[in-house]
Amino acid sequence: TTRITAYSERVEASASGTPSATATPTTSPSESVPGTASVGQPLSDEYLTTTVEEVKSGINNGDGVEPLTGVMVKNCIAKVPEEYRELSFTWMPWILVGPDGSQYRNAGVSGGLLPTPTYPNGEQDGAFVAGDCVRGWIFFKVPDGAPVASVRYQPQGLKPWTWQLR
């Protein structure tokens with residue numbers, strides 16, 4: 001079985017059938033910059049519709065260490081590129097960005113006292129086809145008091161999608 005992971009989901013096939021990383025997200029009339037939306041608004045291309053539904057700080061994971069920031073993400077697959085049978089998703093292309101450009105990667109944690117559902121993280125969490133949607137939390141370690149300005153979905157080699165916090 002051939003799978004494509006989230007860091008390369010937004011891929012177009014050229015006329016020769018060779019994958020090409022040139023897919024451009026569609027924009028809504030309210031967007032001032034292509035590939036940018038507010039939390040709660042979807043961004044779409046030929047293959048996916050992705051929405052950052054909520055960003056919540058101060059989440060206690062029960063380990064006594066600093067609280068986490070959670071991002072509730074929903075991805076719906078409109079179409080799987082012809083050269084693949086299915087898609088899988090991962091936390092890796094998701095980044096929180098501060099107003100000064102500071103970047104915070106996922107904390108690599110789930111379970112315990114953390115909210116559910118958890119966003120899929122790799123092939124072990126399932127393979128998905130056109131018509132499937134996945135939804136869940138991704139958690140980030142953000143230093144206490146550090147502001148977060150946006151959530152970025154940045155698949156390898158493709159232009160990022162960004163959701164601005166209000």
Side-chain angles (χ1 to χ4, degrees), residues 4-12 21-78 87-122 125 128 132-166:
I4 182 172
T5 57
Y7 59 79
S8 58
E9 289 167 348
R10 294 185 292 149
V11 176
E12 281 184 5
T22 58
T24 302
T26 59
T27 58
S28 70
S30 64
E31 291 181 37
S32 59
V33 177
T36 302
S38 295
V39 170
Q41 295 179 322
L43 290 171
S44 298
D45 66 13
E46 180 181 358
Y47 302 101
L48 289 177
T49 296
T50 304
T51 307
V52 169
E53 296 182 342
E54 181 180 359
V55 178
K56 183 189 284 189
S57 61
I59 297 172
N60 180 357
N61 67 353
D63 68 1
V65 182
E66 67 185 270
L68 301 173
T69 298
V71 177
M72 174 60 78
V73 174
K74 183 176 181 181
N75 263 321
C76 291
I77 303 169
L87 301 178
S88 62
F89 296 94
T90 177
W91 305 336
M92 294 309 295
W94 292 94
I95 302 167
L96 296 184
V97 181
D100 64 355
S102 298
Q103 296 187 6
Y104 307 102
R105 301 269 174 195
N106 74 77
V109 297
S110 63
L113 298 176
L114 293 171
T116 57
T118 302
Y119 189 78
N121 190 29
D125 284 344
F128 305 96
D132 287 346
C133 291
V134 298
R135 181 176 179 267
W137 290 97
I138 303 171
F139 301 99
F140 299 82
K141 288 183 181 178
V142 177
D144 190 33
V148 174
S150 62
V151 178
R152 183 180 301 148
Y153 181 53
Q154 190 166 358
Q156 183 178 354
L158 300 176
K159 291 182 180 180
W161 287 350
T162 302
W163 288 264
Q164 300 292 331
L165 277 64
R166 298 176 193 177

Nearest 0.5 Å, please: how far is [atom2] in [Y] from [atom1] in [X]?
X	Y	atom1	atom2	result
Cys133	Ile77	SG	CD1	8.0 Å
Gln41	Gln164	CD	CD	10.5 Å
Thr118	Asp125	OG1	CG	8.5 Å
Tyr153	Thr51	OH	OG1	12.0 Å
Thr50	Leu43	OG1	CG	7.5 Å

Tell me, do [X] and [Y] make a side-chain contact under 4.5 Å, heavy atoms counted?
X	Y	value
Val97	Val148	no
Phe139	Leu114	yes
Glu53	Pro42	no
Leu165	Val151	yes
Lys141	Leu68	yes
Ser57	Thr69	yes

Residue pair Pro99 / Pro147: nearest heavy atoms and the distance that separates them: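 Heavy-atom minimum between the residues: CD-O, 3.5 Å.
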
Over all atoms of both residues, closest heavy-atom pair of Glu46 and Ala78: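 Smallest heavy-atom distance, with atoms named: O-CB, 3.8 Å.
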
Any donor-acceptor pair under 3.5 Å from Asn121 side chain to Trp91 backbone: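 Yes: the side chain of Asn121 pairs with the backbone of Trp91.
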
Parallel, tilted or perpendicular, as decided by the 30° and 60° cut-offs, for the rings of Trp163 and Trp161: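 The rings of Trp161 and Trp163 stand perpendicular, inter-plane angle above 60°.
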
Residues Val55, Phe140; criterion side chain to side chain contact (heavy atoms under 4.5 Å, CB included); working and verdict: CA-CA 10 Å; Val55 178; Phe140 299 82; over 6 Å; no

For a quick test of your reading: what N or O donor-acceptor pairs under 3.5 Å do the side chains of residues 102-112 make, sequence neighbours left out?
| unit_1 | atom_1 | unit_2 | atom_2 | d |
| --- | --- | --- | --- | --- |
| Ser102 | OG | Asp100 | OD1 | 2.7 |
| Ser102 | OG | Asp100 | OD2 | 3.2 |
| Asn106 | OD1 | Gly108 | N | 2.9 |

Test ring pair (Phe, Tyr, Trp, His ring centres under 6.0 Å) applied to Phe128 - qualifying residues, sequence neighbours left out: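 Per chain and number, Phe128 pairs via ring pair (Phe, Tyr, Trp, His ring centres under 6.0 Å) with Phe89.
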
Disulfide (SG to SG under 2.5 Å) partners of residues 134-166, not counting sequence neighbours, each pair once: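 Matches after skipping sequence neighbours: none remain.
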
